[in-house]
Asks: 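Pasting in a structure now, in structure tokens, and then I'll have a few things to ask.
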Amino acid sequence: MAAAEAAVLSSSLETDTAPVPETAGTAAATAATPPVSAAAAAVAAAARTRCEARGSKAALATKLLSLSGVFAVHKPKGPTSAELLNRLKEKLLAEAGMPSPEWTKRKKQTLKIGHGGTLDSAARGVLVVGIGRGTKMLTSMLSGSKRYIAIGELGKATDTLDSTGKVTEEKPYDKITQEDIEGILQKFTGNIMQVPPLYSALKKDGQRLSTLMKRGEAVEAKPARPVTVYSLSLQKFQPPFFTLDVECGGGFYIRSLVSDIGKELSSCANVLELTRTKQGPFTLEEHALPEDKWTIDDIAQSLEHCSSLLPAELALKKSKPEESNEQVLSCEYITLDETKGEDAIIKTC
């Protein structure tokens, strides 16, 4: 179509620019010519723009398909980790102009994208993302260390163990001192046993406990399991609020920690705010991309930068560019179940 429009333009321009003896008639015809030429030029310009846009989108699609590795994004409060991952995927597809109706019959390529460690919807902070072959590296992110800043509230217990839940119990806290809190933290440091929250991603009969709880179904608490806390310190105490700095291993629940601290102090407590400041080598300040940086180019740069942070045995070789620019993405994302460390592949389009 673009070639035909260009041919029309070429023909029109040749006719309009041929020498013509100047007469009153030809002068009038020449005066009428510019609007025709302008229209033809506009058609040609539009055709060129469409061709350039298609070429640009094809190049972006090829670049998107070639991305491979691990990077980090900044998850805000509100969306679940899966919802945020889906938002990221949609932004990348939209930037690459894919999928589009005219490409549906062409050869498909798969874009794999997943996250390595769920953050509660009420929490914010570092969310590690794998793309391409990088999804195979996410298991190591689950077992690696994580760091959090948690603000707990004494005197209130909730069914979710955080501020989003329904208050189930209230107890006095006025006699609790900073020294009291600091004196019990050692009990929660090192290799300890922890009972996971009922509202969690842990599963029963293939369904998340949190989903069953929201349906009002009876759910039994999971048995205590071994977890590791590398460091735990009190950063601030302004009753009823206390701020903790926690570094822990995989499978650890900050909500359970705060609740257990409240019980140990003969009161109760829930998590008011939670921020993951580090996961593995990725920090919130240095490596987590905000949403306005969720572009193909920015992610490519982040992958290049973050590759040096990973252990040599996890480093990925640069993937080869795709041979064809005319390839469509069929999308899927991989979310790793922290309780099993297994891939759960969910096709999304």
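Everything quoted here is computed from the prediction, not taken from an experiment.
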Asks: Which heavy atom of L234 sits nearest a heavy atom of Q178, and at what distance?
Replies: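 Where L234 meets Q178 most closely, the heavy atoms are CD2-CG, 3.6 Å.
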Asks: For a side-chain contact (heavy atoms from CB on, under 4.5 Å) check, start with the C-alpha distance between L127 and R276, then their side-chain angles and the critical distance, and finish with the verdict.
Replies: CA-CA 8 Å; L127 185 67; R276 182 191 282 165; 4.2 Å; yes
Asks: Restricting to salt bridge (charged side-chain N to carboxylate O under 4.0 Å, His left out), what partner residues turn up for R124, sequence neighbours left out?
Replies: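 Partners of R124 under the salt bridge (charged side-chain N to carboxylate O under 4.0 Å, His left out) test: none.
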Asks: Group every Ile, Leu, Val, Met, Phe, Trp and Tyr by side-chain heavy-atom contacts under 4.5 Å, then state whether L272 and I149 land in the same group.
Replies: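 No, it is not one cluster - the side chains of L272 and I149 are not joined through contacts under 4.5 Å.
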Asks: Where the side chain of R87 meets the backbone of E291, is there a donor-acceptor pair that is under 3.5 Å apart?
Replies: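 A pair under 3.5 Å: no.
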Asks: Rounded to the nearest 0.5 Å, what's the gap from CD on Q235 to CG on L244? Could you check?
Replies: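 That separation rounds to 8.5 Å.
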Asks: Taking atom types as modelled, find out whether D162 and T164 have a side-chain donor-acceptor pair closer than 3.5 angstrom.
Replies: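 D162 vs T164: donor-acceptor pair found between side chains.
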Asks: Does any non-hydrogen side-chain atom of E285 lie less than 4.5 Å from one of T277?
Replies: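 Heavy-atom side-chain distance check fails, nothing below 4.5 Å.
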Asks: Begin with the C-alpha distance, continue with both residues' side-chain angles, and end with the deciding distance and a verdict on side-chain contact (heavy atoms from CB on, under 4.5 Å) for V129 and F282.
Replies: CA-CA 11 Å; V129 176; F282 303 98; over 6 Å; no
Asks: Within the side chain of T275, is there an N or O that forms a donor-acceptor pair under 3.5 Å with the backbone of G125?
Replies: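 Pair absent, no side-chain N/O of T275 close to backbone of G125.
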Asks: Compare all side-chain heavy atoms of H287 with those of L309 and state whether any distance is below 4.5 angstrom.
Replies: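 When only atoms from C-beta onward are counted, L309 and H287 do touch, with a gap below 4.5 Å.
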Asks: Can you tell me how far the CD atom of E95 sits from the CH2 atom of W294, to the nearest 0.5 Å?
Replies: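 E95 atom CD to W294 atom CH2 measures 13.5 Å (nearest 0.5 Å).
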Asks: Any heavy-atom pair between the side chains of S266 and I176 that's under 4.5 Å?
Replies: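 I176 vs S266: side chains apart.
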Asks: Check whether L185 and I254 end up in the same hydrophobic cluster, where Ile, Leu, Val, Met, Phe, Trp and Tyr are linked by side-chain heavy atoms less than 4.5 Å apart.
Replies: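 Yes, L185 and I254 fall within the same hydrophobic cluster.
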Asks: Any heavy-atom pair between the side chains of E153 and S163 that's under 4.5 Å?
Replies: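 With C-beta onward as the side chain, the pair stays apart.
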Asks: Would you kindly confirm whether F242 and L161 end up in one hydrophobic cluster when ILVMFWY residues are joined by side chain heavy atoms under 4.5 Å apart?
Replies: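 Not linked; separate clusters.
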Asks: Look up atom CG in D245 and atom NZ in K236, then write down how far apart they are to the nearest 0.5 Å.
Replies: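 If I round to the nearest 0.5 Å, the distance is 14.5 Å.
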Asks: Which heavy atom of L303 sits nearest a heavy atom of V70, and at what distance?
Replies: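 Scanning both residues, the minimum pair turns out to be CD2-N, 3.4 Å.
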Asks: Does K63 offer a backbone N or O that forms a donor-acceptor pair with the side chain of S66 under 3.5 Å?
Replies: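 Such a contact is found between S66 side chain and K63 backbone.
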Asks: Any chance you could measure L64, atom CG, to T295, atom OG1, to the nearest 0.5 Å?
Replies: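 Here the rounded value is 11.0 Å.
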Asks: Verify, without hydrogens or angle tests, whether S302 (side chain) and D298 (backbone) share a donor-acceptor contact under 3.5 angstrom.
Replies: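 A pair under 3.5 Å: no.
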Asks: Mind listing the closest non-hydrogen atom pair of A123 and L119 along with its distance?
Replies: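 Scanning both residues, the minimum pair turns out to be CB-CD2, 3.9 Å.
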Asks: Give the cluster check for I261 versus F241: same hydrophobic cluster or not, with ILVMFWY residues linked at side-chain heavy-atom distances below 4.5 Å.
Replies: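 No, I261 does not connect to F241 through the hydrophobic network.
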Asks: Does the side chain of K91 reach to within under 4.5 Å of the side chain of L88, using non-hydrogen atoms?
Replies: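 Not touching, per the 4.5 Å side-chain cut-off.
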Asks: For A269 and V258, which heavy atoms make the closest approach, and how far apart are they?
Replies: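 Heavy-atom minimum between the residues: CB-O, 3.6 Å.
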Asks: Got a sec, which pairs hit ring-ring contact (aromatic ring centres under 6.0 Å, His included) with one end in residues 143-196, sequence neighbours left out?
Replies: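 Residue pairs with at least one partner in residues 143-196: there are none.
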Asks: Can you find a pair of side-chain heavy atoms, one from Y253 and one from V271, that are under 4.5 Å apart?
Replies: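 When only atoms from C-beta onward are counted, V271 and Y253 do not touch, as no gap falls below 4.5 Å.
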Asks: Determine whether D260 and E264 satisfy the following criterion, side-chain contact (heavy atoms from CB on, under 4.5 Å), listing intermediate values before the conclusion.
Replies: CA-CA 6 Å; D260 291 342; E264 188 68 25; over 6 Å; no
Asks: Kindly compute the distance separating CG (D120) from CZ (R255), expressed to the nearest 0.5 Å.
Replies: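 So the CG of D120 and the CZ of R255 are separated by 4.0 Å.
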Asks: Hey, could you give me the CD1/CG distance between I296 and L92, rounded to the nearest 0.5 Å?
Replies: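 CG of L92 is found 6.0 Å from CD1 of I296.
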Asks: Ignoring hydrogens and angles, tell me if any N or O in the side chain of D180 forms a donor-acceptor pair with the backbone of T177 under 3.5 Å.
Replies: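 Pair found, side chain donor or acceptor close to backbone of T177.
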Asks: For A288 versus V126, what's the shortest heavy-atom pair and its separation?
Replies: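 It is CB-CG2, 4.5 Å.
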Asks: Please tell me if the side chains of H115 and K75 come closer than 4.5 Å, counting only heavy atoms from C-beta onward.
Replies: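 When only atoms from C-beta onward are counted, K75 and H115 do not touch, as no gap falls below 4.5 Å.
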Asks: Counting C-beta onward and ignoring hydrogens, is there a side-chain heavy-atom pair between C268 and K263 closer than 4.5 Å?
Replies: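 When only atoms from C-beta onward are counted, K263 and C268 do not touch, as no gap falls below 4.5 Å.
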Asks: Please assess R147 against S145 for the test side-chain contact (heavy atoms from CB on, under 4.5 Å), listing each intermediate value before the final yes or no.
Replies: CA-CA 7 Å; R147 193 161 194 166; S145 67; over 6 Å; no
Asks: Not counting sequence neighbours, which residues clear ring-ring contact (aromatic ring centres under 6.0 Å, His included) with H74? List them please.
Replies: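 Once residues adjacent in sequence are excluded, H74 has no partner under the ring-ring contact (aromatic ring centres under 6.0 Å, His included) criterion.
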Asks: Look at the side-chain heavy atoms of Ile, Leu, Val, Met, Phe, Trp and Tyr, link any pair under 4.5 Å apart, and say whether I184 and L257 land in one connected group.
Replies: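 Looking at the clustering, L257 is in the same group as I184.
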Asks: Looking only at atom types and distance, does a side-chain atom of T158 sit under 3.5 Å from a main-chain N or O of G165, one as donor and one as acceptor?
Replies: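 Absent.
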Asks: What heavy-atom pair brings S68 and G134 nearest, and what distance separates the two atoms?
Replies: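 It is OG-N, 3.8 Å.
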